[in-house]
Amino acid sequence: MCGIIGIAGRGPVNQSLFDGLTVLQHRGQDAAGIVTCDAGRLFLRKDNGLVRDVVRTRHMRNLYGNIGIGHVRYPTAGSSDSAEAQPFYVNSPFGITLAHNGNLTNSAQLKDELFRSDLRHINTNSDSEILLNVFAHELQQRSKLAVDAEDIFAAAAAVHRRVRGAYAAVALIVGFGLVAFRDPHGIRPLVFGRRETENGTEYMVASESVALDVLDFQRMRDVAPGEVVLFDLDGRMHARQCAEQPSHSPCIFEFVYLARPDSIIDQVSVHKARLRMGEYLAEKILRVWPEQDIDVVIPIPDTSRTAALQMASILGLKYREGFIKNRYIARTFIMPGQKIRKKSVRQKLNAIDLEFRGKNVLLVDDSIVRGTTSEQIIQMAREAGARKVYFASAAPPVRYPNVYGIDMPAARELIAHGRSEEEVARAIGADYLIFQDLPDLEEAVRRGNPRLRRFDSSCFTGEYVTGDIDRDYLERLARQRSDTAKAVRESADNAIIDLHNSD
């Protein structure tokens, strides 16, 4: 999960890129980057950290040009080294820079092909650099001095044939303009819009529509699965379906947790989808637990508020805010290690005792992944004086790794993997635990767009829409990206830093 943005403007775009990335900050807090283009020259600023810390006023002054792209990073692959920050750049052909959201499932094979057949060198552990080089190689095969729309469509079609996994990408090609494309399954979101200025029409592409809203761009539509959308330097838009067999299967976890509630993804309002999640979960409680003795419904901020409010309304119960959130702590789910996640939960949330004391409380969260946060919050509720603590998850049990760009790499780190719902309840210390049913979750989203017939729900079902995931792949993924593996890499990185500092 990362955030990407691209703007083809009629005036300087540095401030708009900065503002748009700030709105997408929830999608990645590890690194940020912006690249712009002016008179055939690229200007880049990227580093580890939040957008406001990476791109300061002195950097903004050097980001010249009317066209540019940006990225906020959430690390699922590679390391936290600043070399992994995006956008990435290759100088041949033409000069191309690219930002990517997702995860390539055949990156090892592609990296080998790029070295042996395409004669290209990959300098980082990022699959985004691999995606850029595949695209650049296919574009170079056209053997032309100047690029046009037909060349880009042909190169993108070749990318779709070679690359597997999830990818929503924006690219800037010197001398041509802005390129946006999405994998044939449309797993990760990508939307574009336009605004009229006195100098002409400007176009913008982003991971979520909320970035368009804050910059006063009118949302046009989503980039379709397998589609390529181009915005050239003359202000013209070109679009073409470049995948042979596109099959729309958006990631349902975007609606559960990842996206902002004020976004519209694949024509579905995230806010309304979450209201419907609360509706279905409340109906399940009435059906399977009619004798419940809940006194109050309390959300775990922020993502679950919408569902919890609807649940309380349908159940006829009080809705109360029982936790105060420290806004200056990053989203716990996307923190890079278990130790950091454990430490941050109590720094992030504080209970209001009077909302818990002597009550049977129903805590509502968007999902339960590792269980670390849920266990600690339940304990906080008990310490605040709750008589009984019940727990509701707006999503089904997360039992399988996500391989398409969300940090759920090792099944053994998922608390519901290999456990029944009753066993999960005991593990997190809840007096009662209820999960959303998957058909209800999918219907909660589908009601916003009946044309969405299939979702990537792999973290709930273990069924992967790209069809190329087997046990060996999952075992390799767990070895490479588990919290244990991350701790080893972090220790090695720190040792290198200490060695440099001692010189």
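Below, each value reflects all heavy atoms present in this structure, side chains not excepted, and no hydrogens, waters or symmetry copies.
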Closer than 3.5 angstrom, by distance alone: can the side chain of [X] be matched with the main-chain N or O of [Y] as a donor-acceptor pair?
X      : Y      : result
His248 : Pro225 : no
Asp470 : Asp472 : yes
Glu208 : Ala211 : no
Ser207 : Ile4   : yes
Glu442 : Pro439 : no
Ser126 : Ser128 : yes
Arg73  : Ala31  : no
Arg382 : Ile378 : no
Arg194 : Met204 : no
Asp127 : Leu104 : yes

Would a 4.5 Å heavy-atom cut-off, applied to side chains only, mark [X] and [Y] as touching?
X      : Y      : answer
Asn326 : Gln347 : no
Phe18  : Thr22  : yes
Glu383 : Gln379 : yes
Ile5   : Val170 : no
Ile34  : Leu21  : yes
Ser393 : Asp365 : no
Phe460 : Phe253 : yes
Tyr319 : Met311 : no

- request: Tell me, with the steps shown, if Arg221 and Glu227 meet salt bridge (charged side-chain N to carboxylate O under 4.0 Å, His left out).
  value: CA-CA 12 Å; Arg221 61 179 177 85; Glu227 186 181 28; 2.8 Å; yes
field: Arg274 with Glu279: basic N within carboxylate O range, under 4.0 Å
entry: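 No, this pair does not count.
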- prompt: If you measure from the Lys or Arg side-chain nitrogens to the Asp or Glu carboxylate oxygens, is any gap between Arg195 and Asp216 under 4.0 Å?
  reply: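 No, no charged N to carboxylate O under 4.0 Å.
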message: Would you say that more than 12 heavy atoms from the other residues, nucleotides or ligands in this model lie under 6.0 Å from the NZ of Lys284, or not?
response: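 More than 12 within 6.0 Å, yes.
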message: Counting only heavy atoms from other residues, nucleotides and ligands, does the tally under 6.0 Å from CD of Gln218 exceed 12?
response: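 12 or below, so no.
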Testing the basics here: between [X] and [Y], what is the closest heavy-atom pair and its distance to 0.1 Å?
X      : Y      : answer
Phe181 : Leu98  : CZ-CD1, 4.1 Å
Ala180 : Leu190 : CB-CD2, 4.1 Å
His100 : Ala166 : NE2-O, 3.4 Å
Leu275 : Gln310 : O-CG, 3.2 Å
Ile368 : Gly371 : CG2-CA, 4.0 Å
Arg219 : Ile264 : NH2-CD1, 3.6 Å

Working to the nearest 0.5 Å, report the span between [atom1] of [X] and [atom2] of [Y].
X      : Y      : atom1 : atom2 : value
Leu362 : Arg320 : CG    : CZ    : 14.5 Å
Cys459 : Ile406 : SG    : CD1   : 6.0 Å
Ser249 : Arg454 : OG    : CZ    : 4.5 Å
Leu131 : Ser107 : CG    : OG    : 11.0 Å
Arg182 : Ile187 : CZ    : CD1   : 9.5 Å
Cys2   : Tyr74  : SG    : OH    : 8.5 Å

- request: Identify the residue among Leu363, Leu309, Leu317 that makes a side chain to side chain contact (heavy atoms under 4.5 Å, CB included) with Val297.
  value: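 Of the listed options, the one satisfying the test is Leu317.
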ring-ring contact (aromatic ring centres under 6.0 Å, His included) contacts in which one or both residues fall within residues 365-394, not counting sequence neighbours: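 Qualifying pairs, neighbours excluded: Trp289-Tyr390.
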- prompt: Taking only residues two or more places apart in sequence, or in another chain, which ones meet Arg446 in a side chain to side chain donor-acceptor pair (under 3.5 Å)?
  reply: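 Residues passing side chain to side chain donor-acceptor pair (under 3.5 Å) with Arg446: Glu443.
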message: Between Leu438 and Thr461, does the side-chain contact (heavy atoms from CB on, under 4.5 Å) criterion hold? Intermediate values first, please.
response: CA-CA 9 Å; Leu438 181 57; Thr461 65; 3.3 Å; yes
Salt bridge (charged side-chain N to carboxylate O under 4.0 Å, His left out) contacts touching residues 287-310 (sequence neighbours left out):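 Those involving residues 287-310 are Arg287-Asp437, Asp293-Lys388, Asp295-Arg387, Asp302-Arg305, Asp302-Lys325, Asp302-Arg327, Arg305-Glu321.
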task: Scan Thr466, Asn103, Asp456, Thr105 and name whichever one has a side-chain hydrogen bond (donor to acceptor under 3.5 Å, both in side chains) with Tyr404.
output: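 Considering Thr466, Asn103, Asp456, Thr105, a side-chain hydrogen bond (donor to acceptor under 3.5 Å, both in side chains) with Tyr404 is found only for Thr466.
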task: Apply side-chain contact (heavy atoms from CB on, under 4.5 Å) to Leu441 and Val256, showing your working.
output: CA-CA 9 Å; Leu441 173 61; Val256 171; 3.8 Å; yes
- request: Would you tell me whether Gln25 and Arg52 have side-chain atoms, one donor and one acceptor, within less than 3.5 Å of each other?
  value: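 No donor-acceptor contact under 3.5 Å links the two side chains.
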task: Kindly determine whether Glu129 and Thr124 satisfy side-chain hydrogen bond (donor to acceptor under 3.5 Å, both in side chains), including the steps that lead there.
output: CA-CA 7 Å; Glu129 188 187 9; Thr124 70; 2.8 Å; yes
field: Derivation of the side-chain contact (heavy atoms from CB on, under 4.5 Å) call for Val54 and Arg45
entry: CA-CA 8 Å; Val54 170; Arg45 171 58 186 170; 4.0 Å; yes
message: Cation-pi check for Phe88 against Lys46: NZ or CZ below 6.0 Å from the six-membered ring centre and within 45 degrees of the axis, yes or no?
response: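 Cation-pi check for Lys46 and Phe88: passes.
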task: Step by step, work out the side-chain contact (heavy atoms from CB on, under 4.5 Å) result for Phe435 and Leu433.
output: CA-CA 7 Å; Phe435 284 99; Leu433 172 63; 3.4 Å; yes
